[in-house]
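A quick write-up on the structure given underneath.
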Amino acid sequence: VLRFPNLNFSYSGGEKLIFWWLGKCTAEGSTSYLMGDGFSTTYPGVQVRVSSTQKLQVVLYDPSASAVFSGSSTSSPFDGALHSIGVVIDGAAKKYAFWVDGALDALTSGGYLAFGDSTAINTTNANTWNLGQ
């Protein structure tokens, strides 16, 4: 695990989080953690996940036992080959978007997608941002 200093990203406060990753990753038999600072409602924050079908997904965890899930990417960037992913989480608009290999993923090709009723999701924390698990 690579641990980076705390981001203290505030989704409910209207902040925007943008990140890009380049690497090789293979999907496990079940959905697994790729990066982030949130793991559960006990450890709130942002989690980037690799589904068992090689898709990208983001989860926002709140300490009040709430969690919201993005849709899964249409592209499959976790097939073991070199790929890049980009994610934008817009706390002001309460929306997100994905890029895979420099192109807007078909899931969000019509524009940013809403997380749903997520206005109260508080992602602030004192956790490190972790790459790997």
Side-chain angles (χ1 to χ4, degrees):
V1 176
L2 295 174
R3 299 187 193 284
F4 300 93
N6 174 262
L7 299 179
N8 206 23
F9 167 63
S10 178
Y11 178 81
S12 61
E15 293 180 350
K16 187 178 283 187
L17 178 63
I18 302 169
F19 60 87
W20 180 80
W21 175 83
L22 174 68
K24 295 179 181 181
C25 180
T26 56
E28 301 294 327
S30 62
T31 299
S32 59
Y33 171 84
L34 176 67
M35 72 174 90
D37 61 1
F39 310 101
S40 66
T41 56
T42 305
Y43 297 98
V46 177
Q47 182 184 92
V48 179
R49 299 164 26 136
V50 178
S51 76
S52 60
T53 57
Q54 306 173 345
K55 309 295 184 189
L56 166 67
Q57 186 182 46
V58 173
V59 185
L60 305 180
Y61 291 103
D62 180 273
S64 68
S66 298
V68 293
F69 296 77
S70 72
S72 293
S73 65
T74 302
S75 303
S76 300
F78 305 115
D79 61 2
L82 184 66
H83 292 284
S84 67
I85 61 169
V87 176
V88 174
I89 302 170
D90 186 344
K94 307 300 183 231
K95 295 184 177 188
Y96 67 93
F98 298 149
W99 284 259
V100 175
D101 296 329
L104 192 60
D105 187 77
L107 174 73
T108 56
S109 65
Y112 286 60
L113 295 178
F115 273 106
D117 186 20
S118 57
T119 56
I121 297 293
N122 179 6
T123 58
T124 57
N125 62 56
N127 307 332
T128 57
W129 183 270
N130 302 319
L131 179 58
Q133 53 177 329

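Note that these values count all heavy atoms, side chains included, but never hydrogens, waters or copies made by symmetry.
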Flag yes if [X] and [Y] sit in one hydrophobic cluster, no otherwise; membership is Ile, Leu, Val, Met, Phe, Trp, Tyr, and two members link when side-chain heavy atoms are under 4.5 Å apart.
| X | Y | answer |
| --- | --- | --- |
| Val48 | Trp99 | no |
| Val88 | Leu113 | no |
| Leu131 | Val50 | yes |

Tell me the closest heavy-atom pair linking [X] and [Y], and the distance in Å.
| X | Y | answer |
| --- | --- | --- |
| Tyr11 | Thr123 | N-OG1, 3.1 Å |
| Thr124 | Ser10 | CG2-CB, 3.4 Å |
| Phe69 | Val59 | CD2-CG2, 3.3 Å |
| Ala97 | Thr108 | CA-CG2, 3.8 Å |
| Tyr43 | Tyr61 | O-CB, 4.5 Å |
| Ser66 | Ile121 | CB-CD1, 3.8 Å |

To the nearest 0.5 Å, how far apart are [atom1] in [X] and [atom2] in [Y]?
| X | Y | atom1 | atom2 | value |
| --- | --- | --- | --- | --- |
| Ser72 | Gln54 | OG | CD | 12.5 Å |
| His83 | Leu56 | NE2 | CG | 12.0 Å |
| Ser73 | Ile85 | OG | CD1 | 8.5 Å |
| Glu15 | Asn8 | CD | CG | 7.5 Å |

Using only atom types and a distance under 3.5 Å, with no angle test, would you say the side chain of [X] pairs donor to acceptor with the backbone of [Y]?
| X | Y | value |
| --- | --- | --- |
| Asn130 | Gly132 | no |
| Asp62 | Ala67 | no |
| Asp90 | Lys95 | no |
| Lys55 | Arg49 | no |

**Item:** Any side-chain heavy-atom pair of Phe98 and Ser75 under 4.5 Å
**Value:** no

**Prompt:** Under a 4.5 Å cut-off applied to non-hydrogen side-chain atoms, are Asn122 and Pro44 in contact?
**Reply:** no

**Message:** Using a 6.0 Å cut-off, check whether atom OH of Tyr33 has over 12 heavy atoms from anything other than its own residue.
**Reply:** yes

**Item:** Ring centroid separation Phe115 to Tyr96 under 6.0 Å
**Value:** yes

**Message:** What I want to check is whether the side chains of Ser51 and Thr53 have a donor and an acceptor closer together than 3.5 Å.
**Reply:** yes

Side-chain donor-acceptor contacts of residues 17-27 below 3.5 Å, not counting sequence neighbours, with atom names and distances?
none

**Fill in**
Test side chain to side chain donor-acceptor pair (under 3.5 Å), reference Asp37, set Asn127, Thr128, Asn125, output is Asn125

